[in-house]
Every structure is written in C-alpha cells, then in structure tokens.
Amino acid sequence: MEPKTNSSVIKPYKESQNNFVSLIVSKDVKDGKFNGRVQTRFPPEPNGHLHIGHAKSICLNFGIAADYEGVCSLRLDDTNPAKEGSEFAQAIIEDVNWLGFDWGNNFHCASDYFSELYQFAIQLIHSGKAYVDSLSAEDIRAYRGTLKEPGRDSPYRDRSIEENIDLFERMRNKEFKEGSHVLRAKIDMSSSNMNLRDPVMYRILHVSHHRTGNEWCIYPMYDFAHGQCDSIEGVTHSICTLEFENNRPLYDWFLDALGVDHPRQIEFARLNLNYTVLSKRRLAALIDCGHVSGWDDPRMPTISGMRRRGYTPEALREFCDRIGVAKRNTTVDLALLEHILRQHLNRTVQRAMGVLRPIRVVIVNYPEDQVEQINAINNPEDAAMGTRKVPFSRVLYIERDDFLENPPKKFYRLAPGQEVRLRYAYFIRYESVIRNPETGEVEELRCTYDPDTRGGFASDGRKVKATLHWVSAAHSVDAEVRLYDRLFAINDPASVPVEDLDSILNPASIEIIHGCKLEPSLADVTSGSRLQLERQGYFCVDSVDSSVEHLVFNRTVTLRDTWARIQKANNNKS
RNA sequence: UGGGCCGUGGUGCAAUGGUAGCACAGCGGACUUUGGAUCCGUAGAUCCUGGUUCGAGUCCAGGCGGCCCAGCCA
C-alpha cells in the first residue's frame, strides 16, 4: 500500500538545489571548467553577528559544495581591524556550526594572506599598475568625479615605479600617519564604473589586528583582498550578493593584472524578511538604543537570537531551501518561516500542559485527598515518543481565557451551561464563580466532574466541543514565561530611518508572565530544550536566564490559532 | 543618452521556444481528546508596445518601473 503523503515531513537536507546558481555550477562541471572541481566559501566579516540572511548564503555555499562533492570553506574577511574583533569571529564559528555545517580543515582568514597580498601589491607597482597617492581623503573623493561626470587623474598618478615602491615600503614600515598616503590601482579615472576609477588598494591604519597584532599598519581594502583570497584558496565559484556586481570587473582586473586564476563570481539577491530588519547597522542600533538585550535577544533575526528563541537548525535550513535563490530583490513573508518552524517542531517536540494565566478551578464533587495519575501522550505525531503520567486532583488551574461568563457565539470553552473536557482527564461542567468582593475579579471557578468520563471519553457517547489544558494546583511547577512577537509593527521596517526605529517597534514584542503553572514533568527540563505547551505554542527553556530554582521559558512561535482568526474576523465585521 | 542588474498570482520560487506549476498566505469544507496536526476543495499572475516564430513568460527592439554604484566600509 502506498504510504500516505505527509507534507509535514521535512526532507533531509541533502536534496540537490535547483536554482540559477546551481545551474551555472552544474554546467561548469559538465563543461570541465576548473577541471570539474567545485569550491565555494562563506566569507563573513567578523564585525557583527550572523543573521538569517547570512544563513541563506551559508546554505547556498555549503549546499552547492555538497551537491557537487566539492569543498566549502569558512573564511573571515578581516581586512578592517578598526571594526573587527575575535568575539565576533568566535560567534560566527559557533553559529555556522550550530546551523549544521562543517568546513573541515578549511578555515581561513583574509589576514592569513596579508604577506601574499602585500607581494601582489608590489607586483602591481612593478608592472606600473599601482601607485602611491598622497592626496587627502577629501581630495580623492573630489577627484573621483560623480556618477555622470568623469574623474580626474591625481597629480601623484605618474610617480616612478621606484618612488612608488619606496613609498609603499615606508608606508608598511610605519613611517607615515594614517591618511597621508594610500596605494591605488591605476585603471581609468573616467570609467563609467566608479569602482574602476583608481580604487584604493591599501590604507594606513595604526590599529592592531585581532589576529596579526601589530605586525601591519597597512591593510588591504576588501576589494583588493577578496578576489585574491579566492584565487589563493582555489575557489571556483565565488557566490556573493547583488551589490558586488559592479565590483566584479575590478576583481577581474586585479586577477588578470596579477596573472592568477580566478573564480567565477555569481551574484544573488540577499534575503529580506517582512517585519524584520537585517542590516548590520540597524541591528546594532537596536542594541545600542536598548530596544533589545543584545545580539542574542530572542526577538533578533540573528542566528544566536533565533537559537535562543528556540528555532531549530533544521527549520532554518529548510527555510533557506524553500525561499529559493534568484537575482531579483524580494521580501519573504515571515509566515513562511513560522510555518516551516511549526512543521518541524510539531513532529519532533514533546507536548506538555502549562497554564500561563491561571485561574483556580475546584471540582466540588471530586474527593478531597484523591490524586490520580492520568495517562498523557507525548507526541500525537509520533507514537514512539511514548506517554507520561500527569497528576489530577480536586484543585486545578485552567487558562483564564478558557472561561467566559457571557460567551460570544462560537465560544466552545467553559461557560455557564457548557460542558468541556479536561485533556486526558474528565468532562467538567461549570457551577458557579467566586469573585473578589472588592475588585469583582474572577478568583475561582466551582465545577463538577463526571466520573464516567475518565480519560476524556463519555461512556454514553456524548461529545464536547472543547478540550482544555489544565494543571493540578498542588503538583504544579512555577515558571516565568516570555511571550515573544515580531519586533516591528510595520511590514517594512527597513524603510524608516535608523533614528526612527523606536517609533515602529511593536510594543507587544515581549510580554513577561510570572507565576505560570506547569505540569510537574517540567520541573527538571534542561537549558535550551524545546516543547509544545498544548494549545499555547512551542517553547524552549531560556539558555541564559533559566535555572532549576527559577524556570524561564521562551515562546518560540504560537500554534496556528483559528479561534483568534474568527475573533479578528468578527471584530472587523462589527 | 553615466554604468550595472532585475520585472511571473498577495508573497517567494519554477516553467531552460511547446498545456503557466509548487509552496506560503487567503477563502470554503471534512476530521479531530490541542480551535493544534491532517485531509479535500477554491480563487488569484507573465510590466507595456511592437517584432521574430507554426508557437514567446522565455528570443529581439523600444518604452515604463525597481534595485545597486561617487568609503582610506564590506
């Protein structure tokens, strides 16, 4: 018999990608380019934390390499020591690893090649293709011209090779102040491509580098480093984002002038997500302004933030797979990410019961001292995950939202005259309510249970329309629960200036609830573990703030909530 | 008349000159001890104008629209 198709099955991350990049690589392999070899790399700058946009690039690069039995390396493009640091480098390594990718021995840094790069620069000076310019930064800008007008040659452009070598060596030997000289490529000041108007190759930076210390005071620009690093490592396909399209002719110029092999550069569109910002600058601003607690705040789209929020690497990889790769700038719907996350969590994670906003329920006809161990299923999607016992007694907690004295139409939960099921336990019926005499707030519900419905089935076959989660008061475990929602209130937060980010924040992006009541099996959960709180959503144990004495859970994502949609539709009607 | 790149349902990705398809979101229904999950159904797209062709989303031309480039950032 055919197995039933189940679209919730996440396919193992092995399946070949089918996108324009892969098609190009595939053709190159068939044509015998690069001797049929495929080598890619993921080249972040260690000046910030990786985010889901980087995950797209990581999955693409490692995925392509895997598809063609090639190599993908991790290379840190650390050419600007003023902004970079080893904490970032460390975080990058951890994040790529956590995503599930292995670069083996192929970990590199642009700084590993500083000597080679220096020699390349010398070579270009010797061949008359680079010169030391002593114009100020402002003058260089002025000489560069504009998008529509050509630039002018620097007065230093025709220095002799000897003089250039001398100056460049002295730059290297710490003889000059920052900004006094730069090394430039001698290309074409009237090029319609601004990158070709004698780009700066080296600048003086009296800054120590997190890997090379004080060995250097001149550092290559990214544009002079990236292509050569690829070349040195034997990268065949240099996959990068769209904004580098204009730089490709420059990279080719350097590599050709140097007479070395060069990879094929392929540009793809970076990821945009609605309700999300992904630019390093905006992410840093959120932290600096105190809108979030740090790079790993569970509301951040960083890998570390999503990890802390409870995302799984599998879901992130599947997402990167499903969004595809193309050249047009697009914005992916956050709903797709959440759908894929739920899909994975639904199949793999244990269920438990926990009451977030408790209200006491006393089952008046249940024996005072009786406690029953109720059998509960750990995951209805996977019988292999087994069952557990949950204690039931006379005094319980249920969710405050699950009772309404004057319910609207289609409200199936507990209300006067309505019978509901307590999951896996009994049918109960509302009898009366006890209010705080001063505030009028509902303090306790008095209910009766039907002993003939043990396990949640009525022997007479009668049905109920709702099943509620519950926790035995005497056996419950206290916890703090942090409810997260999207950080921004508007669809396209990247469209507002960084200074105004605070005006578009979602005020409900975090809600902290204390005094939540969880079933006792959750007393000894371990840091980072994930679960579903039935009818509430998926949660994980916070890796930073949770302890045995004080449990802290993060809501990763809600369950799909049909009831909320019905309510919303009703509100829109009225 | 700076240059480069890109335009397919609401969103993202396919269709590689031959029936415009998949997923998410939406809507409707079935089922249900999670208002979850699952299942079934449904609506909705080739930027415009010409050309080539038996046949164009795909090739060509011209428009229109969007993104990127004037860091000693990457």
Side-chain angles (χ1 to χ4, degrees), chain A residues 4-8 18-20 23 43-45 47 77 79-80 82-84 133 135-137 140-142 144-151 178-184 190-197 199-205 219 221-223 225-226 240-249 267 269 271 274 280 322-340 342-343 346-347 351 353 376-377 380-381 410-413 421-425 455-457 463-469 532-537 558-566:
Chain A
K4 242 172 63 179
T5 55
N6 185 347
S7 63
S8 77
N18 180 32
N19 54 56
F20 84 97
L23 258 28
E45 183 193 12
N47 73 339
D77 273 339
T79 54
N80 186 359
K83 294 184 175 172
E84 296 151 5
D133 196 354
L135 246 27
S136 68
I140 286 181
R141 190 184 320 124
R144 186 150 32 223
T146 69
L147 293 176
K148 294 188 177 174
E149 298 153 20
E178 281 188 16
S180 55
H181 308 280
V182 290
L183 184 70
R184 292 231 252 166
S190 63
S191 173
S192 53
N193 182 341
M194 299 295 284
N195 294 118
L196 264 20
R197 319 246 264 228
V200 172
M201 295 162 57
Y202 266 91
R203 75 291 215 190
I204 299 169
L205 249 30
Y219 293 95
M221 297 288 290
Y222 172 86
D223 280 350
H226 193 87
C240 63
T241 44
L242 251 29
E243 67 270 26
F244 292 101
E245 274 177 323
N246 297 323
N247 300 56
R248 175 154 37 90
E267 306 89 2
L271 170 68
N274 59 13
K280 223 171 263 181
R322 300 239 297 242
I323 57 177
V325 181
K327 293 199 74 153
R328 61 171 158 167
N329 271 306
T330 52
T331 302
V332 175
D333 194 342
L334 203 54
L336 177 62
L337 212 210
E338 295 187 339
H339 167 80
I340 290 167
R342 288 189 186 105
Q343 193 170 287
N346 176 45
R347 296 181 50 246
R351 313 285 125 122
M353 290 195 286
I377 293 168
E381 306 296 320
K410 292 203 173 169
F411 182 86
Y412 302 146
R413 284 113 96 147
R421 169 167 44 230
L422 294 180
R423 176 138 239 223
Y424 301 125
F457 293 99
K463 305 275 188 199
V464 291
K465 286 191 113 169
T467 300
L468 311 185
H469 59 280
Q532 182 197 103
L533 253 23
E534 294 211 19
R535 303 209 306 135
Q536 295 290 352
T558 60
L559 255 25
R560 265 182 78 227
D561 191 345
T562 311
W563 172 237
R565 274 188 296 171
I566 292 170

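To find a chain, count down the sequence lines: A is the first, B the second, and so on, and within it residues start at 1. The figures here come from the full heavy-atom set of this structure, side chains too, leaving out hydrogens, waters and symmetry mates.
A23(B) sits 34 Å from G63(B) when the C1' atoms are compared, rounded to a whole Å. Separation of the P atoms belonging to G2(B) and G44(B) is 43 Å when rounded to the nearest angstrom. For the P atom pair drawn from G50(B) and U58(B), the interatomic distance equals 14 Å after rounding to whole Å. Spacing between A61(B) and C5(B) at atom P, rounded to whole Å, works out to 13 Å. Nucleotides G35(B) and A30(B), compared at atom C1', are 15 Å apart to the nearest Å. A gap of 38 Å separates the C1' atoms of A74(B) and C60(B), to the nearest Å. Nucleotides G29(B) and G66(B) place their C1' atoms 41 Å apart, quoted to the nearest Å. C69(B) and U11(B) are spaced 24 Å apart, taking the P atom of each and rounding to whole Å.
For U11(B), the OP1/OP2 oxygens have no side-chain nitrogen or oxygen of Thr330(A) closer than 4.0 Å. Taking side-chain N and O atoms only, Arg535(A) has a distance below 4.0 Å to OP1 or OP2 of G35(B). OP1 and OP2 of G71(B) both lie 4.0 Å or more from every side-chain N or O belonging to Arg184(A). When the side-chain nitrogen and oxygen atoms of Ser136(A) are compared with OP1 and OP2 of C72(B), none of them lie within a distance under 4.0 Å. Not one side-chain nitrogen or oxygen of Arg342(A) sits closer than 4.0 Å to the OP1 or OP2 atom of A37(B). OP1 or OP2 of G26(B) lies within a sub-4.0 Å distance of a side-chain N or O belonging to Arg565(A). Contact annotation: Arg423(A) side-chain N/O to G36(B) OP1/OP2 distance is not under 4.0 Å. Taking 4.0 angstrom as the limit, His339(A) places a side-chain polar atom (N or O) nearer than this to OP1 or OP2 of C24(B). Between G36(B) and Arg347(A), no contact under 4.0 Å exists linking OP1 or OP2 to a side-chain N or O. Residue Arg560(A) has a polar side-chain atom (N or O) positioned under 4.0 Å from OP1 or OP2 of A37(B).
Remark: P of G71(B) and CD of Glu178(A) are 18 Å apart, rounded to the nearest angstrom. We find that CG of Asn195(A) is positioned 13 Å from P of A74(B), with the value rounded to whole Å. For Tyr222(A) and C73(B), the OH to C1' distance is 11 Å, given to the nearest whole Å. Atom CZ of Arg203(A) is separated from atom P of C73(B) by 5 Å (rounded to the nearest Å). Rounded to whole angstrom, the span from the CG atom of Asp77(A) across to the C1' atom of G71(B) amounts to 17 Å. Atom P of nucleotide C24(B) and atom CG of Leu271(A) are separated by 18 Å, given to the nearest angstrom. For the pair His469(A) NE2 and A37(B) P, the interatomic distance rounds to 16 Å; values are reported in whole Å. Straight-line distance from the CG atom of Asn247(A) to the P atom of C73(B): 14 Å, rounded to whole Å.
For the pair Val200(A) and Met221(A), the tightest heavy-atom approach, listed with the atom from each and the gap, is O-CG, 3.2 Å. Contact record, Lys327(A) with Phe20(A): CG-CZ, 3.5 Å, taken as the closest heavy-atom pair. Contact record, Lys280(A) with Asn47(A): NZ-OD1, 2.6 Å, taken as the closest heavy-atom pair.
Residue Arg413(A) is in base contact, counting any heavy-atom pair closer than 4.0 Å across all strands shown. Using a 4.0 Å heavy-atom cutoff across all strands shown, Leu242(A) reaches no nucleic acid atom at all. At the heavy-atom level, Phe244(A) lies under 4.0 Å from base atoms of the strands shown. Across all strands, Val182(A) comes closer than 4.0 Å to base atoms (heavy-atom distances). Here Lys410(A) lies in heavy-atom contact (under 4.0 Å) with a base. Ala137(A) comes within 4.0 angstrom of a base, heavy atoms only. Residue Leu422(A) is out of contact with every strand shown, counting any heavy-atom pair closer than 4.0 Å. Contact annotation for Phe457(A): base contact, defined as any heavy-atom pair under 4.0 Å involving a base atom. Within 4.0 Å (heavy atoms only), Gln532(A) reaches at least one base atom of the nucleic acid. Leu183(A) comes within 4.0 angstrom of no nucleic acid atom, judged by non-hydrogen atoms across all strands. Within the nucleic acid shown, Ser192(A) comes within 4.0 Å of at least one base atom, counting heavy atoms only. Using a 4.0 Å heavy-atom distance criterion, Lys148(A) is classed as a base contact. Within 4.0 Å of Met221(A), counting heavy atoms only, lie sugar-phosphate atoms of the nucleic acid but no base atom.
Comparing A37(B), C69(B), G12(B) against the side chain of Val332(A) picks out G12(B) as the nearest.
The existence of a salt bridge linking Lys83(A) and Glu45(A) is excluded, since no basic side-chain nitrogen approaches an acidic carboxylate oxygen closer than 4.0 Å.
The base of G4(B) is not paired with the side chain of Glu243(A) by any donor and acceptor separated by under 3.5 Å.
Scored by the side chain to side chain donor-acceptor pair (under 3.5 Å) test, Lys465(A) finds no partners at all (sequence neighbours excluded). Listed by chain and number, the residues in a side chain to side chain donor-acceptor pair (under 3.5 Å) with Arg144(A) amount to none (sequence neighbours excluded). His181(A) is linked by a side chain to side chain donor-acceptor pair (under 3.5 Å) to Ser134(A), counting only residues two or more places apart in sequence or in another chain. Checked against side chain to side chain contact (heavy atoms under 4.5 Å, CB included), Phe457(A) has no partners two or more places apart in sequence or in another chain.
Toward the 5′ end of RNA chain B lies the nearest nucleotide of Lys463(A), the other residue of the pair Lys463(A) and Pro43(A) mapping further downstream. When each of Ile140(A) and Glu534(A) is assigned the nucleotide of RNA chain B with its nearest heavy atom, Glu534(A) is the one assigned upstream, toward the 5' end.
When atom types are taken as modelled, the side chain of Asn193(A) and the backbone of Asn246(A) share a donor-acceptor pair closer than 3.5 angstrom. Panel note: side chain Arg197(A), backbone Ser191(A); a donor-acceptor pair is recorded below 3.5 Å. Panel note: side chain Glu84(A), backbone Asn80(A); a donor-acceptor pair is recorded below 3.5 Å. Judged by distance alone, the side chain of Asn19(A) and the main-chain N or O of Gly324(A) form no donor-acceptor pair under 3.5 Å.
Here the CG atom belonging to Leu559(A) is positioned 9.0 Å from the CD atom belonging to Glu534(A), to the nearest 0.5 angstrom.
No hydrogens or angles considered: a donor-acceptor pair under 3.5 Å links the side chains of Arg421(A) and Thr467(A).
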Base-pairing string, 5' to 3', of RNA chain B - Watson-Crick or wobble, under 3.5 Å, | interstrand: .((((((..((((....[..)))).(((((.......)))))....(((((..]....))))))))))).....
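By the rule that a glycosidic angle within 90° of 0 means syn, G55(B) does not qualify and counts as anti.
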Write out a two-atom table: protein N or O, nucleotide N or O from nucleotides 19-22 of chain B, distance below 3.5 Å.
none

